[in-house]
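Here is how names work: the chains are called A, B, and so on, in the same order as the sequence lines, proteins then strands, and each is numbered from 1. Just so you know, these numbers use all the heavy atoms, side chains as well, and skip hydrogens, waters and symmetry mates.
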Amino acid sequence: MVELRLHNSLTRRKEIFRPIDPEHVRMYVCGPTVYDLAHIGNARPVVVFDVMARLLRLLYPRVTYVRNVTDVDDKINNRARASGESIASVTARTLADYHADIAALGNLAPDVEPRATAHIAEMVMIIERLIASGHAYAAEGHVMFSVPSFAEYGNFSGRSPDELLAGARVDVAPYKRDAGDFVLWKPSSEDLPGWDSPWGRGRPGWHIECSAMSWRHLGESFDIHGGGTDLIFPHHENEIAQSVCAFPGSRFANYWVHNGMLVINGEKMSKSLGNFFTIREVLDKVPAEAARLLLIKSHYRGLLDFSDAALVEARKELDRFYRALERTKPGAAPIPASVLDALCDDLNTPLALSAMHALADAAMAGDAAAASGLRAAGAVLGLLQADPLAWFQGEGDDAAAIEAAIAERIAARKSRDFARADAIRKALTDQGILLEDNATGTTWRRA
RNA sequence: GGUCCGGUGGCAGAGUGGUGAUGCAGCGGACUGCAAAUCCGCGAAUGUGGGUUCGAUUCCCGCCCGGACCUCCA
């Protein structure tokens, strides 16, 4: 079997992937906090790990892909308070929108999509274990993780506790024993979501949910943990601290895979900066598949510059792929080695795409095996599964009118009335309809 | 300031210690009534200064530039 190699943030190098159980690969990816529409930056990890999951399923007999939903969070509370909408309504509506948006981008559902609010008991259990082993302490209704109790704290993100203190930009709460300590549990007033706990009515801190949900669904140690690079600190550093301390001897995640940020005009796209496009804004401009292709046209660890020009280019690239599949009909086939090799080298999607262009060239020339391989390759990337005709002609109820105009133009051409023929084409072009004359007749597509 | 990542043709974007993929755009040609699509061909790049080496875009060091993180973030 082909060896899969992944860049592991733990070691900062590419390593051969060796699952704990080769019969069952387990992957956890940090999912959305459901307080607002997802932006295209949020879509990058979803697409990257969707491709990862598809690849793993190709390589291993069983894969469990867990992607959580954070449905208890102060951003949600603030959003609900600001709009007057109930918290339950905000989270339910936002989650439904999220599902619709990422499905439109061609992502398969994860195997498990746990919600934080359904795992409070697991969180409480982990917190109790941390307190019992001296890694956490209760103070003023809060429970804090004691950073000095974990000697390896900071190793993962490459930080020393001193550096963290030097850079701290928050006020140190009085109930903290150490400035680096972080919240596991905090008290909730009556107007905020809360659960009864040994420390009073309260709600979880941000990081504990991932430790709880990954443990519940994947066990104390699992294979891959994914997320954006901006989560390395503090989120993932804290997850490791919590999980390793709560389950001594466990390794938590063996391979940490982080996607790079998406930038717009050189600056990170983020909600706090306000320079973001929602997924649906993007989908209003181009076919979803073009947006998906753009997201995997660059390697997942690098910065990705997202622009309208790049979207247009991605669409043109898909035009060529679909043109090849239109010329030569694909059948069932395994993924070509050139594409698989590229993907197995740390998910090198750009290299895989270049191999697919070679297949498209061959398919264009009539090579049926190449066409089949191209489509099979597309399946692993979540691309090229549409009918080529649907790709070129898309949605619309004007097909009959277009066909009628084409018939009229054919008649004009037959009588060598080229002025009339060109006028008809011009009229269609102005509607965004491009005509193509070829040996078998005239076809059309949308610009 | 600290830590980390990166700088490749007009743009996007891979790989590589030994004459630099791929895509988009551009240019020339074929085909076409004209186009489109397709095909053939062309031009065009490794931030900067050192070091190691027979040879560096690749490895090492300095510098410049950009970005991320430094307790909201994907």
[atom1] atoms of [N] and [M], separation to the nearest Å:
N      : M      : atom1 : result
A12(B) : G47(B) : P     : 14 Å
G6(B)  : C63(B) : C1'   : 16 Å
G55(B) : G9(B)  : C1'   : 24 Å
G28(B) : G67(B) : C1'   : 41 Å
G51(B) : A56(B) : P     : 11 Å
G62(B) : G23(B) : C1'   : 36 Å
U48(B) : G1(B)  : C1'   : 25 Å
G26(B) : C64(B) : P     : 40 Å

Candidates [options] - which lies nearest the side chain of [X]:
X         : options                : answer
Lys316(A) : A25(B), C34(B), A14(B) : A25(B)
Arg323(A) : C34(B), C70(B), A37(B) : A37(B)
Ser354(A) : A74(B), C34(B), U22(B) : U22(B)
Thr229(A) : G33(B), A68(B), A74(B) : A68(B)
Thr33(A)  : U38(B), A21(B), A74(B) : A74(B)
Asp230(A) : G13(B), C69(B), C34(B) : C69(B)
Arg416(A) : G13(B), G33(B), A74(B) : G33(B)
Asp422(A) : C34(B), U71(B), C69(B) : C34(B)
Asp361(A) : A14(B), G23(B), G33(B) : G23(B)

Spell out yes or no: do the side chain of [X] and the base of [N] have one donor N/O and one acceptor N/O closer than 3.5 Å?
X         : N      : value
Asp73(A)  : C72(B) : no
Arg44(A)  : A74(B) : no
Arg301(A) : C5(B)  : no
Glu313(A) : G23(B) : yes

Looking at [N], I'd like to know if its phosphate oxygens (OP1 or OP2) sit under 4.0 Å from a side-chain N or O belonging to [X].
X         : N      : answer
Asn348(A) : G15(B) : yes
Lys297(A) : G23(B) : no
Arg320(A) : C39(B) : yes

* **Salt bridge present between Arg79(A) and Asp73(A) (N-O < 4.0 angstrom)** =>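 Judged by the 4.0 Å cut-off on N to carboxylate O distance, Arg79(A) and Asp73(A) do not form a salt bridge.
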
* Asked: For the residue pair Trp391(A) and Phe321(A), is the inter-centroid distance of their aromatic rings smaller than 6.0 Å?
  ->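 Ring centres of Phe321(A) and Trp391(A) not closer than 6.0 Å.
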
Name the nucleic acid region contacted by [X], choosing base, sugar-phosphate or nothing; use a 4.0 angstrom heavy-atom cut-off, strictly under.
X         : answer
His299(A) : sugar-phosphate
Leu303(A) : sugar-phosphate
Met261(A) : base
Met356(A) : nothing
Arg67(A)  : nothing
Leu262(A) : base
Leu231(A) : sugar-phosphate

* Asked: Would you call the rings of His207(A) and Phe182(A) parallel, tilted or perpendicular, where under 30° means parallel and over 60° means perpendicular?
  ->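 Answer is perpendicular, since the angle exceeds 60°.
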
* To do: Please work out whether the ring planes of Tyr153(A) and Phe150(A) are parallel, tilted or perpendicular, with thresholds of 30° and 60°.
  =>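 Answer is perpendicular, since the angle exceeds 60°.
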
Could you check whether any side-chain heavy atom of [X] comes within less than 4.5 Å of a side-chain heavy atom of [Y], counting everything from C-beta outward?
X         : Y         : result
Arg81(A)  : Asp191(A) : yes
Arg425(A) : Arg409(A) : yes
His217(A) : Thr64(A)  : no

* **Modelled atom types, side-chain donor and acceptor of Ser146(A) and Asp181(A), under 3.5 Å** =>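 Judged by distance alone, the side chains do not pair up.
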
For [N], the Watson-Crick or wobble partner whose two distances fall under 3.5 Å:
N      : result
G6(B)  : C65(B)
G26(B) : C42(B)
G1(B)  : C70(B)
C59(B) : G51(B)

In whole Å, what is the span from the [atom1] atom of [X] to the [atom2] atom of [N]?
X         : N      : atom1 : atom2 : answer
Lys75(A)  : A74(B) : NZ    : C1'   : 11 Å
Leu304(A) : G66(B) : CG    : C1'   : 16 Å
Ile424(A) : A36(B) : CD1   : P     : 19 Å

* To do: By nearest nucleotide on RNA chain B, pick out whichever of His357(A) and Pro350(A) is the more 5' one.
  =>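 Whichever sits nearer the 5' end wins; that is Pro350(A).
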
* **Nearest-nucleotide comparison on RNA chain B, the residue closer to the 5′ end among Asp305(A) and His236(A)** =>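 Checking each residue's closest nucleotide, the 5'-ward one belongs to Asp305(A).
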
